[in-house]
Amino acid sequence: MKQIVLAAPRELIARQVPRPKAKEGEALVRIRQIGVCGSDFHAYAGDHPAYTYPRVLGHELACEIVDIPDNRLGLRVGDRCAIEPYISCGKCHPCVMGRTNCCEQLRLFGVHVDGGMQAFLSVPLSLLHKSEVLSVDQLALVETLGIGAHAVARSGLGSGETVLVIGAGPIGLAVAQFAKVAGGIVRIIEKSEWRRDFAKYLGFPILTGPDNELADVVFDATGNSASMAASLNFVASAGRLVFVGLTREVIAIDDALLHKREVTLYSSRNSAGQFARIIKLIESNQIDIRPWITDRLVLSDVPVRLIDLASRSNFMKALIEVADRDT
């Protein structure tokens, strides 16, 4: 693994770029809480192909508006918001179709442009989703839930259909949560004993391995090419298979089985149009993501603690507080 050598890690991870006033069409926000994504570990280690360097990380973000122009969105100074990190062009064919997550020029905060591991950020108004109810902890994890929400929406899952989720990391659990909201009968396969126990604690039936019961919809959230290839075996005839996890490796598909069962195969990328719905579901207590939080740190801890978190078997989700001493 090639690791980026940080001569001044605080400068790279937590560069401070406060602005005295918001830009036109944007709000100046104070970052309050940051969720740690699995991709952040790979970006920090220098082995994630999507990132460009130097880069301020952080795309799972909760903020407070500190300066904002007059607007028709009802946003004002002091509002707590989740930041939708996907910056789309609005002009390409996918954007015109409403598939902004497939924008041909898509950029993400914390990946292609500097993200939230800093005190202040200037954000387009359309990417701010406020809540007068949710805590900054909850708002910071809306983006994580968005991946699962979009995957379930892609599948067209209906009430009473059987669901198998492969992988019980944050993305798999997000899928399971929204599949349950959609009325699916959900089971989970997970190799890690700690994650199996965690998913069981959340109320999901757990399989230690495949059984003979095929599912109407299978979601593979592992990002492992062997698992993704094998997941076709668990899909019932006329069912759907959704690849939520991402791999750069080639996936070998049993074409004869794919045709025999006439399985529909979907990929799922990021999320589109899900933030407002997710916030309402959390506000109405239909989804509770607070038990996912296993670790807390402040921004100045990141250069030391980030790699250690990645190696922990009992890690699910960390939140980074942008404390006063970091600003």
Side-chain angles (χ1 to χ4, degrees), residues 1-6 9-17 26 29 31-63 81-90 92 94-95 99-124 126-129 139-151 169-171 174 221 223 243-248 267-275 278 299 302-303 306-307 309-310 317-320 322:
M1 175 185 294
K2 178 183 177 182
Q3 184 168 345
I4 296 295
V5 177
L6 303 180
R10 184 179 175 85
E11 179 182 353
L12 178 63
I13 298 293
R15 195 183 311 153
Q16 307 302 312
V17 196
E26 298 188 352
V29 303
I31 301 299
R32 294 285 306 278
Q33 207 75 283
I34 306 161
V36 176
C37 176
S39 64
D40 292 329
F41 298 133
H42 292 286
Y44 187 86
D47 61 5
H48 196 296
Y51 285 73
T52 57
Y53 300 95
R55 180 64 56 230
V56 177
L57 304 181
H59 61 271
E60 300 179 5
L61 306 171
C63 70
C81 302
I83 299 176
E84 190 169 359
Y86 314 115
I87 307 169
S88 54
C89 73
C92 67
C95 283
R99 301 280 292 278
T100 55
N101 61 315
C102 299
C103 174
E104 294 171 0
Q105 305 297 324
L106 188 68
R107 295 177 300 153
L108 272 68
F109 281 116
V111 179
H112 309 102
V113 297
D114 282 351
M117 290 192 189
Q118 55 185 319
F120 296 95
L121 196 64
S122 190
V123 180
S126 61
L127 301 182
L128 293 171
H129 300 269
L139 288 168
L141 298 178
V142 169
E143 195 278 336
T144 296
L145 289 171
I147 308 300
H150 180 66
I171 300 304
F243 287 158
V244 193
L246 175 67
T247 179
R248 294 185 64 85
S267 60
S268 181
R269 183 188 187 194
N270 299 329
S271 69
Q274 295 289 341
F275 270 56
I278 293 167
L299 191 57
V302 171
L306 198 64
I307 295 299
L309 289 177
K317 205 69 185 174
L319 286 181
I320 303 168
V322 184

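Along the sequence shown, residues carry numbers from 1.
- When all heavy atoms are compared, the tightest approach of I320 to V302 is CD1-CG2, 3.6 Å.
- The closest side-chain heavy-atom distance from R55 to V111 is not below 4.5 Å.
- Here R32 contributes atom CZ and L61 contributes atom CG; the two are 13.0 Å apart, rounded to the nearest 0.5 Å.
- Residues P94 and E104 come closest through the heavy atom pair CD-OE2, 3.7 Å.
- At a threshold of 4.5 Å between non-hydrogen side-chain atoms, the residues V322 and Q33 do not count as touching.
- Between L108 and I87, the closest side-chain pair of non-hydrogen atoms is not below 4.5 Å.
- A distance of 10.0 Å separates CG of L299 from CD1 of I31, quoted to the nearest 0.5 Å.
- Closest non-hydrogen pair, D40 versus G35, comes out as OD2-O, 3.9 Å.
- Using modelled atom types, one finds a donor on one side chain and an acceptor on the other under 3.5 Å when comparing H150 with N101.
- Just one of R269, R107, E143 meets the side-chain contact (heavy atoms from CB on, under 4.5 Å) condition when paired with Y86; it is E143.
- Of all heavy-atom pairs spanning G110 and Y51, the tightest one is O-CE2, 2.9 Å.
- Using a 4.5 Å heavy-atom cutoff, the side chains of L306 and F41 are in contact.
- The OG1 atom of T144 sits 7.0 Å away from atom NE2 of H59, with the distance rounded to the nearest 0.5 Å.
- With hydrogens and angles disregarded, no donor-acceptor distance shorter than 3.5 Å links the side chain of K317 to the backbone of P170.
- Under the 4.5 Å side-chain criterion, counting only non-hydrogen atoms from C-beta, F109 is in contact with L127.
- The CG atom of L57 sits 8.5 Å away from atom OG of S39, with the distance rounded to the nearest 0.5 Å.
- Rounding to the nearest 0.5 Å places CD1 of I83 at 4.0 Å from SG of C63.
- Between E26 and V123, the closest side-chain pair of non-hydrogen atoms is not below 4.5 Å.
- Contact check for V29 versus L128: side-chain heavy atoms found under the 4.5 Å cut-off.
- With rounding to the nearest 0.5 angstrom, the CD1 atom of I171 is 6.5 Å from the SG atom of C37.
- Of all heavy-atom pairs between G273 and E84, the closest is N-OE2, 4.3 Å.
- When every heavy atom of Y53 is checked against every heavy atom of A43, the shortest pair comes out as OH-O, 2.6 Å.
- No side-chain heavy atom of L319 sits under 4.5 Å from any side-chain heavy atom of I34.
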